[in-house]
Amino acid sequence: MRASSASGVNKTLTRREGSSILKASFNRRKITAVEDDIICTEKIIAERKTFFLDLKQNARGKVVRITEKVSSNRDRIMVPAEILDDFIAALQDIRETLKQQGE
């Protein structure tokens with residue numbers, strides 16, 4: 001497990017290689033168990049938001065699920081592993097733009 005707070009952001013890393021993890025569904029009204037093949041999980045805490053980055057494998061291949069949790073609300077996006085390099089490059093371009101603007 002790793003923690004960092006250089007800019008007020010806490011990060012933890014948990015690796016679960018080749019294991020199936022039984023998790024409760026996000027639907028609080030009806031709790032159902034789903035089986036996920038999670039390969040790696042990262043958790044980033046920034047002020048009132050928590051981000052979960054899960055590398056998962058399913059029948060269609062590997063995918064990165066990014067979940068943003070604010071209070072009781074959760075939003076998710078799925079990034080197929082095949083385009084992860086493009087996704088990261090786009091984020092790096094945005095970070096460089098922010099640096100150039102002095103932020």
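In this chain, numbering begins with 1 at the start of the sequence shown.
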Q: Might you point out which heavy atoms bring Val70 and Glu68 nearest each other, and give the distance in Å?
A: CG2-OE2, 3.9 Å
Q: Just verifying a value: how many Å separate Phe52 CZ and Arg74 CZ, rounded to the nearest 0.5 Å?
A: 6.0 Å
Q: Taking the side chain as everything from C-beta on, heavy atoms only, tell me whether Lys43 gets closer than 4.5 Å to Thr50.
A: yes
Q: Between Phe87 and Ile77, is the side-chain contact (heavy atoms from CB on, under 4.5 Å) condition met? List the steps.
A: CA-CA 12 Å; Phe87 194 86; Ile77 64 168; 3.9 Å; yes
Q: Output the distance between atom CZ (Arg48) and atom NZ (Lys69), rounded to the nearest 0.5 Å.
A: 12.5 Å
Q: Are Ile44 and Leu53 close enough, and set up right, to give a side-chain contact (heavy atoms from CB on, under 4.5 Å), and what steps lead you there?
A: CA-CA 8 Å; Ile44 301 169; Leu53 293 89; 3.8 Å; yes
Q: Locate the shortest heavy-atom distance separating Lys62 from Glu82; write the atom from each residue and the value.
A: O-OE2, 4.4 Å
Q: Measure the spacing between CD1 of Ile88 and CD1 of Ile83 and express it to the nearest 0.5 Å.
A: 10.5 Å
Q: What's the shortest heavy-atom distance between Val63 and Val79, and which atoms?
A: CG2-O, 3.3 Å
Q: Looking at Asp54 and Lys56, would you say the former's side chain and the latter's main chain have a donor-acceptor pair under 3.5 Å?
A: no
Q: Evaluate side-chain contact (heavy atoms from CB on, under 4.5 Å) for Ile38 paired with Leu55, printing each intermediate quantity in order.
A: CA-CA 6 Å; Ile38 297 178; Leu55 175 60; over 6 Å; no
Q: Indicate yes or no: at least one non-hydrogen side-chain atom of Val64 is less than 4.5 angstrom from one of Leu84.
A: yes
Q: Can you list the steps and then say if Ile39 with Gln57 is a side-chain contact (heavy atoms from CB on, under 4.5 Å)?
A: CA-CA 7 Å; Ile39 299 167; Gln57 184 164 358; 3.9 Å; yes
Q: What is the distance from atom CG of Asp75 to atom CG of Asn73, rounded to the nearest 0.5 Å?
A: 7.0 Å
Q: If I take atom CZ from residue Arg95 and atom CD from residue Gln100, how far apart are they, to the nearest 0.5 angstrom?
A: 12.0 Å
